[in-house]
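Let me begin by presenting the structure, written as structure tokens, before commenting on it.
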Amino acid sequence: MLKEEYQLDYFKEQGMVRKICKACGSAFWTRDSAREICGDAPCEPYNFIGEPVFKTHNLDTMREAYLSFFEKHGHTRIERYPVAARWRDDIYLTIASIADFQPFVTSGIVPPPANPLTISQPCIRLNDLDSVGRSGRHLTTFEMMAHHAFNTPSEEIYWKDRTVELCDQFIASIGGDLNKVTFKESPWIGGGNAGPSVEVLIGGLEIATLVFMSLGRKKTDQPGYELKGEMYYPMKLRIVDTGYGLERLVWASKGSPTIYDAVFPEMVSHVMSAAGLSHMLDNKDYTRILSLNAKFAGLMDISGTNLFQLRKKVAAAIDISPEKLDRIITPMEKVYATVDHTRCLAYMLGDCIVPSNVREGYLARLVIRRTLRMMTDLKIEEPLADLIEQQTRIIGMKKFEQDIAVVREIAERETEKYASTLERGTRIVQKIAKNYKAKSQRVPLTEIITLYDSHGIQPEMIKDIATREGAVVDLPDNFYSMVADMHSESKKEAEVNPTAKYDERVQGLPPTKKLYYEQSSDIEFEAVVLDFFDGYAVTDQTLFYPEGGGQPSDTGTMVSADSMVRIDDVIKVGEVILHHISGGVLQRGDRVKGMVDEERRWSLMRHHTATHIILHAAKEVLGAHIHQAGAQKGSESSRMDLRHFKHITPDELRRIETASNRMIMANQTVEISTEDRTKAEQKYGFSLYQGGVPPGRDLRIVKVAGDIEACAGTHCQSTGEVGVIKIIRVEHIQDGIERIEFTAGIAAVYYMQHLEQIVTSSSEALSVQPDNLPATVNRFFTEWKDQKKEIERMSSKVVELEMQTLVVESIAGIPVVIKRIDLPQKELAQMANSVSEKGGIALLAGAGETVRVVLASGDPRVNAGEIIGQVCSLLGGKGGGKPTMAQGGGPDAGQIDLALKVGRERIIAALQ
RNA sequence: GGGCUCGUAGAUCAGGGGUAGAUCGUCACGUUUGCAACGUGAAGGCCACGGGUUCAAAUCCCGUCGAGUCCA
């Protein structure tokens with residue numbers, strides 16, 4: 001990035017100078033003319049530890065100090081967003097304050113909720129999971145405090161100078177010495193945007209980053225810059241994107257050995273005593289070790305094998321062995337990580353993430369299991385649910401949507417689930433270890449990868465268990481990256497937007513007037529064709545609903561003066577609606593009359609309104625945490641996926657169905673209004689966004705029987721118009737996601753008639769009343785099983801009787817039976833076996849639809865498997881088996897005598 | 001969204017083309033005042049479901065359903 005970008009008037013007015021760091025070569029600005037290094041790690045150590053650089057604050061006072069400072073300076077305070085980024089489909093968790101405003105605000109489509117604004121946004125980042133607890137500074141969850149200004153060509157709020165000035169003033173307001181502050185030039189690139197940026201450093205710690213987002217990948221008429229091999233161009237919208245680490249500011253204000261001691265002291269001491277480590281709290285030696293550890297860790301990347309290097313350095317500094325240090329410090333690190341992780345879980349579960357094995361639910365489970373493992377290592381008996389509840393109380397119960405009782409239940413269920421996974425895993429590992437031990441082989445790496453990948457057993461645990469079983473396991477250091485490599489092979493390319501090719505064409509067209517909103521019960525309209533291309537007609541207005549929000553498009557016809565065409569698909573590109581036509585052409589300027597297929601439209605509307613009703617009913621029955629995870633409306637039936645942490649029982653399903661139909665019968669008006677996005681979010685919360693996040697300054701708010709959603713679909717005018725809702729089934733799509741399939745309106749009536757048909761025809765087949773069907777089917781099944789047993793008993797009787805009539809001849813002193821007995825193969829095998837068990841040989845053949853042959857041999861000289869082949873080939877078939885027992889058959893019943901004769905010869909030959 | 005593993009007796013699992021098994025639990029009988037323990041025996045299986053390959057499928061192949069797990 002250009003050097004000129006950082007030549008701020010503010011720096012110069014303040015008498016600051018630009019210097020080049022002696023250690024790393026980066027440029028930075030400082031008031032201290034004697035300073036030679038940039039102030040960032042690893043150039044400068046954490047010298048704020050033991051020497052706080054701000055007045056003492058805790059999380060709450062520091063947050064308040066920040067937000068009120070910016071409020072005083074013209075910013076509007078915005079409530080935090082959930083940690084689950086439900087308004088985005090590209091990330092699962094909120095990773096930065098600016099993420100709240102992506103993509104619509106940052107791309108200029110939607111104005112910001114306020115401008116300028118300030119917010120303290122809890123963020124979750126799991127990419128440094130391994131370092132949490134170890135480095136003294138890493139957290140999974142942190143609050144990014146920010147002030148954002150969105151500058152447009154028509155409205156300039158403020159830019160670089162003011163941003164840096166505000167930063168300076170804020171630091172001063174919490175007691176920071178501005179002479180110790182440095183601003184390091186650090187160009188920023190991320191998520192398709194770029195811009196100049198400065199890191200704000202004090203005491204060796206980066207406390208804030210001030211990013212001036214001004215470049216984007218989209219080509220504009222201004223000259224571009226090449227950054228890391230990609231071209232970036234100046235954007236119309238220039239965004240002040242700042243990020244102040246709340247926890248870091250608190251840490252720097254306390255100067256404690258680790259960030260954990262600074263930001264959640266109550267939980268640290270609580271978890272320490274739960275782990276029986278309370279004696280370490282006030283021990284000066286431990287404090288010293290931890291301070292040193294954090295200082296050294298601040299200077300290096302401690303991921304992977306570097307951990308040992310860290311241990312060596314700290315050990316050398318306090319003159320003990322690295323192993324001893326490891327014994328002292330490892331439990332402490334686990335305590336810190338447990339505290340951090342439980343706070344992370346309080347946010348995740350409190351913001352209604354349901355643990356599962358997909359998407360953000362998987363991330364929640366990952367953190368839960370990591371925490372449980374550490375708690376086991378620390379021998380903490382207190383349930384995970386208790387720790388999460390305490391964290392929730394510390395943060396503030398009211399800050400979360402999810403009921404604490406549900407959070408607890410989820411934590412308890414997950415704890416149980418993990419315990420049974422471990423148990424199952426242990427058994428599998430023991431079995432495998434025994435196998436390899438018996439073969440005196442090492443357990444191969446492929447087995448370990450399978451165990452981890454398919455059964456979720458940690459490699460360290462595999463090694464432990466296998467070693468106890470006496471097997472040898474080699475575990476490579478780069479195990480996880482090997483697994484990752486295996487997965488990366490099967491990556492697919494992102495799909496391209498299919499309507500992108502029409503973007504340019506529709507740019508010159510006015511937005512289509514959406515009659516389907518104003519007159520949703522009308523089916524006829526008149527319009528003028530504005531454009532016609534590629535099979536698509538664009539009109540000035542339309543009643544045809546385009547596909548969107550899980551609702552398929554309308555179909556119908558359009559008639560012009562000299563043509564009648566079928567509308568088979570309708571799509572929306574931006575604000576322009578494209579009708580795909582077949583069976584003719586339209587011309588620009590044609591006056592057309594459009595007709596929507598009435599039954600289909602009504603069916604879709606009923607299903608759509610029904611979706612909202614069922615969602616609301618499900619919330620009533622299952623709890624406030626119910627969120628829609630996806631939906632697909634159809635004209636026959638529809639489905640809706642719900643996030644829920646356990647199976648929906650048949651009883652719950654019936655209750656949802658009943659409640660839904662009661663809402664229909666209440667016949668409430670469906671209220672639809674357009675409301676300001678920000679106000680609507682504040683009024684109704686983010687549960688507005690059930691089916692994705694619509695763009696635009698305003699939201700179309702649909703209220704159906706107490707359910708309030710931002711929704712662009714067509715709806716009935718009152719709940720009564722839905723008619724009836726019949727739930728077809730509930731499916732368990734994925735752990736944490738239940739799919740409800742249902743039908744509404746006339747389709748529901750058809751469906752119920754269909755069910756009745758099934759019952760009627762079944763009861764007719766059994767000649768019973770429908771009411772008696774379950775009992776009768778049950779009785780038949782039981783009788784069928786009993787009769788099967790009876791047949792078995794009788795056939796063993798038959799075998800017994802036949803055995804008595806068997807003529808046993810003696811060939812070379814061996815009892816041999818060769819006979820045709822027309823019984824099924826199973827009985828023949830039983831008989832033959834009882835002969836061979838006594839050391840004899842039996843060759844039995846029986847004719848049914850085909851000929852079945854069994855040869856059992858109790859004498860090693862006679863190989864049943866070999867002889868049977870020849871016998872069966874005479875019958876026109878094949879056969880085979882083991883040397884002691886062989887079976888086969890063939891179609892040619894006329895050859896049985898010959899086959900038995902040849903078999904006899906072969907047996908005699910073998911015995912002599 | 002993609003990948004992998006697994007569905008066999010009430011439970012936990014062996015078997016992996018050729019007679020469906022083990023352990024625990026259950027029941028009966030025996031020893032015992034009773035319990036526990038032990039001994040003897042028995043009951044208990046649509047080998048998840050539906051197709052296919054084969055002389056023959058619990059076993060191999062395809063699909064469906066269910067469970068588990070890793071990754072984005």
Side-chain angles (χ1 to χ4, degrees), chain A residues 89-93 126-127 356-363 365-366 369 417-418 420-428 430-432 434-435 446-459 479-495 629-630 641 647 729 731-735 737 781-782 784-789 792 795-796 799 824-837 842 845 848-856 864-865 868-869 871-892 899:
Chain A
D89 50 13
D90 53 340
I91 52 172
Y92 300 127
L93 299 170
L126 299 180
N127 33 2
S356 74
N357 50 20
V358 289
R359 305 167 66 92
E360 71 273 18
Y362 168 73
L363 299 176
R365 180 166 288 164
L366 181 82
R369 297 201 164 179
K417 246 184 161 155
Y418 185 52
S420 63
T421 297
L422 280 189
E423 214 183 285
R424 190 173 33 243
T426 308
R427 277 198 307 267
I428 297 173
Q430 280 172 343
K431 191 179 84 192
I432 289 174
K434 271 183 200 152
N435 269 342
T446 52
E447 287 278 10
I448 302 171
I449 292 176
T450 308
L451 284 169
Y452 171 69
D453 217 20
S454 305
H455 302 285
I457 312 165
Q458 301 296 317
F479 177 80
Y480 290 100
S481 54
M482 289 175 73
V483 176
D485 282 349
M486 276 175 44
H487 289 296
S488 60
E489 284 166 15
S490 57
K491 266 191 186 155
K492 271 187 186 169
E493 285 189 17
E495 57 182 77
D641 298 343
H647 289 2
R729 66 171 73 87
E731 260 179 301
H732 181 65
I733 291 301
Q734 218 119 44
D735 208 8
I737 299 180
F781 188 59
T782 315
W784 173 76
K785 280 200 281 191
D786 288 347
Q787 282 172 5
K788 213 175 76 163
K789 270 177 242 160
E792 240 167 65
S795 71
S796 64
V799 168
Q825 178 149 8
K826 207 172 164 185
E827 279 72 31
L828 294 182
Q830 260 177 42
M831 292 168 69
N833 244 312
S834 62
V835 173
S836 69
E837 270 164 15
E849 278 179 35
T850 60
V851 182
R852 315 296 322 158
V853 188
V854 174
L855 173 56
I868 198 97
V871 174
C872 291
S873 68
L874 289 167
L875 299 164
K878 287 185 202 168
K882 297 180 288 193
T884 54
M885 176 71 190
Q887 297 171 58
D892 198 349

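The basis for the numbers below is simple: all heavy atoms, side chains too, and nothing from hydrogens, waters or symmetry mates. Everything quoted here is computed from the prediction, not taken from an experiment. So that the names make sense, note that chain A is the first sequence line, chain B the second, and so on, each numbered from 1.
In plain terms, the two heavy atoms of A:G889 and A:C872 that are nearest each other are N-SG, 3.3 Å. Minimum heavy-atom separation, A:P891 to A:G877: CD-N, 4.1 Å. Among all heavy-atom pairs drawn from A:V854 and A:Q825, the shortest one is CG2-O, 4.1 Å. Summarising the geometry of A:A886 relative to A:I868, their closest heavy-atom pair is CB-CG2, 3.7 Å, with the distance given to 0.1 Å.
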Nucleotide N/O to protein N/O under 3.5 Å, stretch nucleotides 17-19 of chain B:
{"residue": "B:G18", "atom": "O3'", "partner": "A:Q887", "partner atom": "NE2", "Å": "3.4"}
{"residue": "B:G18", "atom": "N7", "partner": "A:G880", "partner atom": "O", "Å": "3.4"}
{"residue": "B:G18", "atom": "N7", "partner": "A:G881", "partner atom": "N", "Å": "3.2"}
{"residue": "B:G18", "atom": "O6", "partner": "A:G880", "partner atom": "N", "Å": "3.1"}
{"residue": "B:G18", "atom": "O6", "partner": "A:G880", "partner atom": "O", "Å": "3.3"}
{"residue": "B:G18", "atom": "N1", "partner": "A:G880", "partner atom": "N", "Å": "3.4"}
{"residue": "B:G18", "atom": "N1", "partner": "A:G880", "partner atom": "O", "Å": "3.2"}
{"residue": "B:G18", "atom": "N1", "partner": "A:Q887", "partner atom": "O", "Å": "3.3"}
{"residue": "B:G18", "atom": "N2", "partner": "A:Q887", "partner atom": "O", "Å": "3.1"}
{"residue": "B:U19", "atom": "N1", "partner": "A:N833", "partner atom": "ND2", "Å": "3.2"}
{"residue": "B:U19", "atom": "O2", "partner": "A:N833", "partner atom": "ND2", "Å": "3.3"}
{"residue": "B:U19", "atom": "N3", "partner": "A:N833", "partner atom": "OD1", "Å": "3.2"}
{"residue": "B:U19", "atom": "N3", "partner": "A:N833", "partner atom": "ND2", "Å": "2.5"}
{"residue": "B:U19", "atom": "O4", "partner": "A:N833", "partner atom": "OD1", "Å": "2.7"}
{"residue": "B:U19", "atom": "O4", "partner": "A:N833", "partner atom": "ND2", "Å": "3.4"}

Identify all pairs in which a protein N or O lies below 3.5 Å from an N or O of nucleotides 63-69 of chain B, and state each distance.
{"residue": "B:A67", "atom": "OP1", "partner": "A:H647", "partner atom": "NE2", "Å": "2.9"}
{"residue": "B:G68", "atom": "N2", "partner": "A:S454", "partner atom": "O", "Å": "2.7"}
{"residue": "B:U69", "atom": "OP1", "partner": "A:R369", "partner atom": "NH1", "Å": "2.9"}
{"residue": "B:U69", "atom": "OP1", "partner": "A:R369", "partner atom": "NH2", "Å": "2.7"}
{"residue": "B:U69", "atom": "OP1", "partner": "A:T421", "partner atom": "OG1", "Å": "2.8"}
{"residue": "B:U69", "atom": "O4'", "partner": "A:S454", "partner atom": "O", "Å": "3.4"}
{"residue": "B:U69", "atom": "O2'", "partner": "A:Y452", "partner atom": "O", "Å": "3.4"}
{"residue": "B:U69", "atom": "O2'", "partner": "A:D453", "partner atom": "O", "Å": "2.8"}
{"residue": "B:U69", "atom": "O2'", "partner": "A:G456", "partner atom": "N", "Å": "3.1"}
{"residue": "B:U69", "atom": "O4", "partner": "A:N357", "partner atom": "ND2", "Å": "3.0"}

Protein N or O to nucleotides 43-49 of chain B N or O, pairs below 3.5 Å:
{"residue": "B:G44", "atom": "OP1", "partner": "A:K789", "partner atom": "NZ", "Å": "3.2"}

Under 3.5 Å between N/O atoms: give me all the protein pairs with nucleotides 10-12 of chain B, atom names plus distance.
{"residue": "B:U12", "atom": "O3'", "partner": "A:R427", "partner atom": "NE", "Å": "3.1"}
{"residue": "B:U12", "atom": "O3'", "partner": "A:R427", "partner atom": "NH2", "Å": "2.7"}

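Nucleotide B:U54 is matched to nothing when pairs are restricted to Watson-Crick or G-U wobble geometry with both distances under 3.5 angstrom. Checking B:A42 for Watson-Crick or G-U wobble geometry (two distances, each under 3.5 Å) identifies B:U26 as its partner. Base-pair partner of B:U33: not found among the strands shown (Watson-Crick or G-U wobble, both distances under 3.5 Å). Pairing for B:C47 is absent, judged as Watson-Crick or G-U wobble with the two contacts each under 3.5 Å. B:G16: no Watson-Crick or G-U partner with both key distances under 3.5 Å is found in any strand. Using N1 to N3 plus N6-O4 or O6-N4 for Watson-Crick, or N1-O2 and O6-N3 for G-U wobble, each under 3.5 Å, B:C4 pairs with B:G68.
Across B:C29 and B:A43, the matching C1' atoms stand 14 Å from one another, rounded to whole Å. Comparing the C1' positions of B:C70 and B:A9 gives a spacing of 32 Å, expressed to the nearest Å. Nucleotides B:A22 and B:A42 have their P atoms positioned 11 Å apart, rounded to a whole Å. Comparing the same atom, C1', in B:A57 and in B:C62 gives a spacing of 14 Å after rounding to whole Å. Nucleotides B:C6 and B:G17 are separated by 14 Å at their P atoms, to the nearest Å. Taking atom C1' on both nucleotides, B:U59 is separated from B:A20 by 11 Å, rounded to a whole Å. B:G45 and B:G63: their P atoms are spaced 32 Å apart (whole Å). Taking atom P on both B:C13 and B:U8, the two are 9 Å apart, rounded to the nearest angstrom.
One distance of note links CD of A:Q830 with CG of A:N833; it measures 8.5 Å at 0.5 Å rounding. Taking CD1 of A:I448 as the start and CG of A:D453 as the end, the distance is 13.0 Å to the nearest 0.5 Å. Considering CZ of A:R852 and NZ of A:K826, their distance stands at 14.0 Å, rounded to 0.5 Å.
Residue A:I428 is the one, among A:I428 and A:L366, whose nearest nucleotide of RNA chain B lies closer to the 5' end (criterion: closest heavy atom).
Straight-line distance from the CG atom of A:L363 to the C1' atom of B:C70: 12 Å, rounded to whole Å. We find that CG of A:L875 is positioned 14 Å from P of B:A56, with the value rounded to whole Å.
Checked against side-chain contact (heavy atoms from CB on, under 4.5 Å), A:I457 has the following partners two or more places apart in sequence or in another chain: A:V429, A:L451, A:H455, A:M461, A:I462. In terms of the ring-ring contact (aromatic ring centres under 6.0 Å, His included) criterion, residue partners of A:Y452 (sequence neighbours excluded) are, by chain and number, A:F479, A:Y480.
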